[in-house]
Every structure is written in structure tokens, then in C-alpha cells.
Amino acid sequence: MPERLAEMLLDLWTPFIILWITLPPCIDTAPMNQSQVLMSGSPLELNRLSEEQRILNRSKRGWVWNQMFVLEEFSGPEPILVGRLHTDLDPGSKKIKYILSGDGAGTIFQINDVTGDIHAIKRLDREEKAEYTLTAQAVDWETNKPLEPPSEFIIKVQDINDNAPEFLNGPYHATVPEMSILGTSVTNVTATDADDPVYGNSAKLVYSILEGQPYFSIEPETAIIKTALPNMDREAKEEYLVVIQAKDMGGHSGGLSGTTTLTVTLTDVNDNPPKFAQSLYHFSVPEDVVLGTAIGRVKANDQDIGENAQSSYDIIDGDGTALFEITSDAQAQDGIIRLRKPLDFETKKSYTLKVEAANVHIDPRFSGRGPFKDTATVKIVVEDADEPPVFSSPTYLLEVHENAALNSVIGQVTARDPDITSSPIRFSIDRHTDLERQFNINADDGKITLATPLDRELSVWHNITIIATEIRNHSQISRVPVAIKVLDVNDNAPEFASEYEAFLCENGKPGQVIQTVSAMDKDDPKNGHYFLYSLLPEMVNNPNFTIKKNEDNSLSILAKHNGFNRQKQEVYLLPIIISDSGNPPLSSTSTLTIRVCGCSNDGVVQSCNVEAYVLPIGLSMGALIAILACIILLLVIVVLFVTLRRHKNEPLIIKDDEDVRENIIRYDDEGGGEEDTEAFDIATLQNPDGINGFLPPLFSLIFMVMHRTS
Ligand SMILES: *[C@@H]1O[C@H](CO)[C@@H](O)[C@H](O)[C@H]1NC(C)=O
Ligand SMILES: *[C@@H]1O[C@H](CO)[C@@H](O)[C@H](O)[C@H]1NC(C)=O
Ligand SMILES: *[C@@H]1O[C@H](CO)[C@@H](O)[C@H](O)[C@H]1NC(C)=O
Ligand SMILES: *[C@@H]1O[C@H](CO)[C@@H](O)[C@H](O)[C@H]1NC(C)=O
Ligand SMILES: *[C@@H]1O[C@H](CO)[C@@H](O)[C@H](O)[C@H]1NC(C)=O
Ligand SMILES: *[C@@H]1O[C@H](CO)[C@@H](O)[C@H](O)[C@H]1NC(C)=O
């Protein structure tokens with residue numbers, strides 16, 4: 001098979017142009033060795049070449065026959081010979097001329113048309129253009145007629161190591177946690193080399209560290225940078241500068257190199273415990289400081305940073321644990337001691353606290369190094385402050401009976417100056433809270449006395465404010481609220497709850513309830529009201545009425561018999577004694593007025609009018625005759641008047657009647673009450689039958705007049 005290919009190649013090339021390639025003298029790499037073989041231009045040599053080709057094919061890089069090579073960056077005094085074109089046509093008969101065309105023909109590459117020598121007349125750069133495609137042809141010298149078809153070939157520019165490695169992304173920054181184990185990977189860097197990566201070692205890079213040892217190492221091939229020392233301490237040195245070199249030619253001498261810098265920063269881990277700057281802190285605080293006030297700050301330093309330096313502060317012991325608290329200030333990383341409960345210089349003048357600072361974020365890897373906490377002692381001295389008087393109680397509640405005597409002592413407030421120089425106190429009443437000057441206070445002993453009489457029924461509470469003032473400094477003032485409650489005393493007698501008006505039906509049965517009354521009492525006994533009702537002693541055996549107490553503290557008045565008659569007695573007065581259950585009890589007599597009225601069968605009061613028909617008793621016969629005469633006279637006048645009006649066709653009476661009816665209708669519409677019935681008795685007008693109910697208004701009027709005159 002290889003033989004066959006070689007034959008094919010020979011078949012293809014031998015009739016035409018044979019390439020004769022010169023090579024630069026300085027190249028000693030393997031492919032160049034092959035070119036040396038090609039230097040022989042005879043067909044015989046080519047047979048041998050086919051054998052070489054077979055060997056070459058096995059190597060990484062293909063070797064093509066129609067290629068020539070020229071070294072880049074060559075600059076000699078003479079143009080460099082790239083190769084020679086040669087045809088094996090019989091040159092005897094005709095003169096042959098070689099023609100070159102294609103990339104750079106004539107400008108970069110020149111051909112000697114007689115000898116077929118190709119020269120590069122310019123300096124070439126592989127990194128700019130790696131190969132040129134050209135066409136060669138043999139023509140007749142005279143006729144310029146092509147003697148054979150044109151053949152294409154390539155001139156390759158051969159690489160020399162003219163580019164140094166470059167770190168395109170440098171300078172680099174990387175971080176690695178402090179205290180990392182040896183060989184912890186930090187980062188990797190990459191350099192690039194513009195030279196031919198496939199051909200030769202011009203782009204074969206090897207990395208090394210120029211600066212930064214013994215802390216870091218680099219893997220020569222992969223450029224992975226690792227820690228070369230264990231347990232590097234950030235707190236000792238945080239930043240390292242590493243200089244890295246990349247060298248081509250596999251690192252051999254003569255290669256080109258490039259360098260870059262890598263800054264490695266160690267990141268923090270919590271490998272340091274907090275430590276109080278002082279083991280003893282002293283603070284002082286006035287006793288009257290407001291609760292929550294910061295008294296002082298303690299700080300435990302931590303060489304770590306960020307959250308690894310965070311500590312929480314606690315009070316773990318001491319005699320002031322109940323009075324003080326400590327809060328952690330995450331920003332300032334210190335602890336603030338604050339007051340939680342009021343201080344009293346006179347009770348205790350100093351406190352000792354044991355405070356602890358403990359790291360919040362513990363790294364379990366280092367917890368074996370001991371506790372990540374520290375303690376310190378805090379001494380707090382309480383300073384005396386000039387304090388206002390203090391009352392024995394924050395509020396007072398006093399109770400006094402409403403009948404308490406004037407100037408009697410209701411109660412007492414006490415206050416003292418808490419300071420060592422205990423000043424005497426004077427008391428006074430804030431008059432804004434006692435505008436009526438109901439009370440007085442003894443300025444020395446705080447006893448409150450009654451200045452004006454009390455009345456619970458007027459005001460139950462008297463809430464006043466008492467002021468205590470230090471005699472030595474009138475600016476030292478305290479106030480205390482005193483609520484004085486007035487207690488009830490039975491000083492009001494019960495009475496009817498309202499003005500009752502009772503009616504008694506003439507046709508009522510014995511035992512009928514005429515009226516139910518209830519009583520009220522302005523006092524407010526503890527167990528509620530309980531009233532006792534009774535008739536006057538001389539009326540206990542009243543033949544007409546009796547009373548009966550109901551469960552709900554009210555009283556029913558009952559008629560004892562029937563047959564009450566308006567004409568006999570129109571109104572009965574029934575005095576009733578009401579007593580309360582006080583100690584001593586109080587009582588009053590209220591009189592109930594009972595009117596006798598005419599009622600319907602179902603007991604609805606219809607008329608209590610008595611003047612309508614009652615003839616005054618004891619009128620003399622003469623008087624009666626006089627009255628009758630008057631009536632007759634009036635009748636005559638009326639009759640005369642009527643007849644006179646009739647003559648004028650004006651029915652006056654009928655009109656009057658109409659007026660009356662109008663009155664009735666209007667009255668009904670408005671639904672008048674009892675007061676109205678007195679002025680205008682509707683029952684009298686409405687009842688059509690009998691003298692009992694009905695009399696024309698004119699007669700009513702006459703009778704009323706008579707009654708009045710008598
Ligand atoms: C290349 O040629 C040189 C001598 O010219 C020789 O020493 C070397 O072994 C040859 N290399 C190969 C790969 O044939
Ligand atoms: C050379 O290699 C090519 C492709 O790899 C193959 O086609 C050819 O047959 C090989 N020639 C010889 C002489 O081995
Ligand atoms: C080098 O680092 C890059 C990213 O920074 C990573 O993708 C690459 O795998 C690393 N190379 C090696 C050899 O570790
Ligand atoms: C009196 O008390 C006031 C208020 O506490 C204080 O400011 C002042 O200094 C005191 N005066 C004297 C003489 O102690
Ligand atoms: C007075 O004080 C008492 C007890 O604090 C309270 O119940 C009452 O409502 C107060 N009265 C007035 C008028 O402020
Ligand atoms: C009882 O009624 C009669 C007449 O109806 C009267 O005369 C008498 O005075 C009344 N008695 C009392 C105690 O009211």
C-alpha cells in the first residue's frame with residue numbers, strides 16, 4: 001500500500017515539475033530533517049522519498065509533496081532561497097521558462113524564470129500569515145505556450161520562537177482562607193503564546209514562581225497555585241505577592257518568558273477568642289439616673305474580623321445582676337451596661353458584676369484551642385443625688401362618712417426625704433384639685449381634715465393632689481394623688497317616687513287595687529333599699545282603705561268596700577308613712593289623694609266631675625226661688641233672642657250647636673289629657689242618656705255659676 005501511493009505520487013509529479021527545496025541552515029527540528037532529504041531533486045531520490053513519506057505519515061504532522069517551507073523572520077543580506085522548480089521535460093529542443101503566480105508572487109516571492117529558483121524577497125511573519133498558495137507553470141521560452149498544465153503548491157512559513165508567553169488576564173487576585181492545610185488550591189493562571197502551538201516547543205509553556213515562596217507553589221504544567229505552608233495566619237500577614245513566570249520552549253534555556261503578579265489575600269476564620277482590654281472596669285452612676293440609661297461600655301477585642309470578631313456580652317455573676325443588664329452592640333462590637341431597676345444610694349453604694357464576652361460564630365476546627373470567651377469585672381459606684389421627697393404610698397384612698405364633723409381628721413399622708421441629709425417635709429394641698437377648699441392639711445404631719453361639710457348625694461369622690469416640699473430646698477417637690485370617697489349616711493327620708501293621683505271607681509268591688517305607689521330615697525345603703533309603709537296610727541283602722549306591701553318594695557292601696565259615691569265624698573286623702581331601713585331609720589309621710597270617679601263596667605274611669613250635678617247643700621228656699629227666677633228670665637231672653645234671629649232667618653242656636661260639635665270633634669282629634677277634661681268635660685257632653693251624663697252646655701254653665709256664687 002505505501003508503495004502504491006508512492007508510485008501514484010511519482011506518476012503525478014515526475015513528468016512535470018520537481019520541487020527542490022532549500023532549507024534554512026539553523027533549523028534542527030525533526031521535520032527539517034525530512035526537508036534535507038527533499039533537497040535532492042532527482043527522480044531516483046524521489047523513490048527513496050516515498051519510503052520516508054510512509055514513515056512521516058505516522059508522525060503527528062502530515063507532509064505534503066507540493067509544499068515548500070520558508071523560515072519566518074529571516075533577514076539576511078541576500079533574498080532567501082525557498083526552493084527550485086524543475087521540469088523533467090526534455091530541455092534540449094526548446095528553452096523552458098518558469099512562471100509563478102498567486103499569493104505574493106512577484107512581491108514576496110520571486111522566481112528565476114530560467115533556473116526556477118524561488119526566493120523570498122521580504123521578511124515573513126508566521127503569526128501574520130502562515131502560508132501562501134502559488135501556481136507554477138513551465139512555458140515555451142519563445143512562444144510562451146504552456147508546455148504542461150499549471151500546478152499549485154503552497155509555501156509555508158515556518159515558525160521560529162519569536163513570541164514570548166503573555167498573561168492576558170493579569171495581574172491576578174485570589175483569596176484563600178487562613179489556616180488552610182498545605183496544598184490547598186488557591187487559583188490557576190494561564191499564559192498564552194502566539195507561536196505555533198503544534199510545531200515545535202515555541203508555545204510549550206512551563207510555569208514557575210519567582211517570588212512568593214515558600215508560601216505558595218505552582219504546578220509547572222497546569223499553573224495551579226497552591227499553598228506551600230500550612231496554617232498561614234491572617235492575623236500575622238494578610239496579603240502575599242506572588243510573581244509567576246511562564247516560559248516557552250518547555251522551560252529550557254533560550255526560551256522566552258512572561259511574568260505576572262498574583263495577590264493572594266488570606267480570608268479570616270475564627271481562630272482567635274475575644275479578649276477584654278481591661279480585666280477591671282470602673283463606672284459610677286448617680287442614683288437618680290433614668291432607667292435604661294447606658295452606664296458604661298466594655299469591649300473585648302478580637303483579632304479576627306467581621307462576624308468572627310462578633311461577641312455577645314452577658315452578666316454572669318455579681319451582686320447587681322438584677323439591677324443591671326448588658327446589651328451587645330454588634331456595630332461597635334462592645335457591650336453596653338444599662339440600668340434596669342432604680343438605684344438607691346442610701347441602700348447600696350456599689351455593685352460588682354462579672355461580665356463575659358463570647359464569640360457568636362465559633363469555628364469547630366478551633367474550638368479545641370480553648371473557650372472562645374473572656375470575662376472581666378465591672379465595679380459600679382452609686383453616687384448620691386439630691387432627691388425629692390418620697391411618699392409612703394404612690395396613691396392614697398381615703399374614706400369618710402358624709403356626716404363627718406368639720407375639722408375631723410380624714411386620713412394622713414407621710415413622706416420623707418430619702419437623702420442622707422434628710423430634710424423635714426411640709427405638706428400642702430394643690431388647690432387646683434380642691435377648688436372648693438373642702439379639705440385642709442396639716443403642713444407638718446400630713447393629716448387631712450374636713451373644712452366644709454360633705455354631701456355624698458352631691459359628690460361621691462373628691463380627688464385631690466397633695467404636695468410634699470423639702471424645707472431645705474423648696475425645689476425638691478413631690479406630688480401624690482389622694483382619692484377621698486364619701487361614704488353614705490342615712491340622711492334622706494324616703495318619699496313617693498312621683499306625684500301620684502289615684503282614682504276610685506264608684507262601681508268598684510271591695511278589695512280592688514286603687515293605686516300602686518313606690519318610694520325613693522336619695523341615700524345609697526350598702527344592701528339596697530328596703531321600705532316600710534304604714535298608715536297613720538289613728539288611721540290604722542281606716543274603714544275605707546287598706547294597704548298591702550308588694551315584693552318589689554312598692555305598695556298597693558286597696559278599697560275596703562264598695563259603694564263609694566262622688567256625691568257623698570268626692571276626694572279622700574290617705575296619709576302614708578314611708579320608712580327606710582337605715583340605722584337609725586328615717587321616715588316621711590306622704591299623702592295620697594284619691595278621687596272618686598264614675599267608671600264604665602270594665603273599670604275605665606269616665607268622669608270624676610262632681611260640680612256637674614251636685615247641688616250645693618243648704619241653699620235657702622228664697623235663694624232657690626231667686627235662682628229659678630233668674631233661669632226663667634234667662635230662658636225668656638234666650639227665646640226672645642232666638643225668635644228675633646228666626647225673623648232674620650238666621651238659626652243661631654243650630655249654629656251654636658254646630659260650634660259645640662266642632663269643639664267635640666277637635667277635642668277627640670287631639671286626644672286631650674286629664675287636665676283638659678277639667679276645663680271641658682268631655683264625658684258630660686258625650687253621654688247621651690240621663691241627667692248623670694248629659695246637660696246642654698248652657699245649663700252646665702248656669703249650674704257652675706250658681707255653685708260659685710253660693
Ligand atoms: C536530524 O538530523 C540530525 C543530523 O542532521 C540527526 O542528528 C538527527 O537524529 C536527525 N533527527 C531525526 C529525527 O531524524
Ligand atoms: C498517510 O496518511 C494519510 C491520511 O492519514 C493516508 O491516507 C495515507 O495512506 C498515508 N500514506 C502512507 C504512505 O502511509
Ligand atoms: C483554572 O481556573 C478556571 C476558572 O478560574 C477553571 O475553569 C479551570 O478548570 C482551572 N484549571 C485547572 C487546571 O484547574
Ligand atoms: C435644690 O433642688 C434643685 C432641684 O433638684 C437643684 O437643682 C438645686 O441645686 C437645689 N438647690 C440646693 C441649694 O441644693
Ligand atoms: C377619683 O378616684 C377614684 C379612684 O381612683 C376613681 O374611681 C374616680 O373615678 C375618681 N373620680 C373623679 C371624679 O376623678
Ligand atoms: C270613710 O268614708 C266615709 C264616707 O264614705 C267618711 O265619712 C269617713 O270619714 C271615712 N273615713 C276615713 C277614715 O276617711
Side-chain angles (χ1 to χ4, degrees), residues 286-290 345 383-391 393-400 410-411 413 415 417-426 429-430 432-436 438-439 448 454-487 502-508 510 512 514-515 524 534-547 557-577 589 591-597 608 610 614 617:
E287 60 173 327
D288 61 351
V289 81
V290 179
F345 170 81
E383 292 168 345
D384 193 17
D386 195 0
E387 294 163 284
V390 178
F391 280 96
S393 163
T395 60
Y396 293 88
L397 173 66
L398 306 179
E399 290 185 339
V400 56
I410 293 167
V413 297
D417 177 6
D419 297 320
I420 286 184
T421 58
S422 183
S423 163
I425 310 278
R426 290 190 73 79
I429 293 175
D430 182 346
H432 297 290
T433 62
D434 183 28
L435 294 170
E436 276 138 39
Q438 189 89 50
F439 305 99
I448 301 164
L454 293 167
D455 185 1
R456 189 204 66 86
E457 285 72 41
L458 227 60
S459 177
V460 177
W461 286 100
H462 295 273
N463 293 354
I464 61 173
T465 299
I466 299 219
I467 302 168
T469 311
E470 287 183 15
I471 289 176
R472 295 212 187 107
N473 184 344
H474 292 278
S475 306
Q476 296 286 11
I477 288 174
S478 291
R479 297 163 161 269
V480 75
V482 178
I484 300 167
K485 188 181 185 182
V486 182
L487 301 178
F503 298 94
L504 168 61
C505 282
E506 286 180 323
N507 56 352
Q512 68 170 313
I514 299 163
Q515 179 73 39
D524 182 23
S534 60
L535 296 174
L536 288 182
E538 63 267 27
M539 288 250 204
V540 167
N541 293 318
N542 188 314
N544 303 321
F545 306 105
T546 181
I547 56 172
I557 291 108
L558 298 89
K560 257 188 167 168
H561 56 83
N562 57 0
F564 287 95
N565 191 328
R566 274 180 280 180
Q567 279 166 285
K568 242 163 104 188
Q569 187 161 348
E570 183 190 358
V571 171
Y572 292 86
L573 296 176
L574 185 65
I576 295 169
I577 303 167
T589 305
T591 303
L592 182 69
T593 309
I594 303 166
R595 301 174 78 85
V596 183
C597 299
C608 303
V610 84
V614 169
I617 305 147

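Counting starts at 1 for both ligands and their atoms, following the listed order. No experiment lies behind these values; they were computed from the predicted model shown.
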Could you find the nearest protein heavy atom to [atom] and give me its residue, atom name and distance?
atom	answer
atom 2 (O) of ligand 6	N544 ND2, 2.6 Å
atom 1 (C) of ligand 4	N473 ND2, 1.4 Å
atom 11 (N) of ligand 5	N463 ND2, 2.8 Å
atom 5 (O) of ligand 6	Y572 OH, 2.9 Å
atom 4 (C) of ligand 4	Q476 NE2, 4.0 Å

*Geometric N/O contact S475 with ligand 4, under 3.5 angstrom*: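 No; every N/O pair is 3.5 Å or more apart.
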*At a 4.0 Å threshold, what atoms of ligand 6 neighbour a non-hydrogen atom of P543?*
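That gives atoms 11 (N), 13 (C) of ligand 6.
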*What atoms of ligand 6 come closer than 4.0 angstrom to any heavy atom of Q569?*
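Contacts of ligand 6 toward Q569, numbered from 1: 4 (C), 6 (C).
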*Under-4.0 Å protein heavy-atom contact, atom 14 (O) of ligand 5*: yes
*Does the protein put a heavy atom less than 4.0 Å from atom 9 (O) of ligand 4?*
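No.
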Can you find a pair of side-chain heavy atoms, one from [X] and one from [Y], that are under 4.5 Å apart?
X	Y	result
H462	D434	no
V400	K485	no
P537	I577	yes

*Rounded to the nearest 0.5 Å, how far apart are CG of L535 and CZ of F545?*
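Spacing of CG (L535) from CZ (F545) equals 10.5 Å.
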*Say you draw a straight line from CG of D386 to CD1 of I420; how long is it, rounded to the nearest 0.5 Å?*
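Rounded to the nearest 0.5 Å, the CG-CD1 separation comes out at 11.5 Å.
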*Going through the distances and angles, do C505 and C597 end up as a disulfide (SG to SG under 2.5 Å)?*
CA-CA 5 Å; C505 282; C597 299; over 6 Å; no
*Ignoring hydrogens and angles, tell me if any N or O in the side chain of S423 forms a donor-acceptor pair with the backbone of I471 under 3.5 Å.*
yes
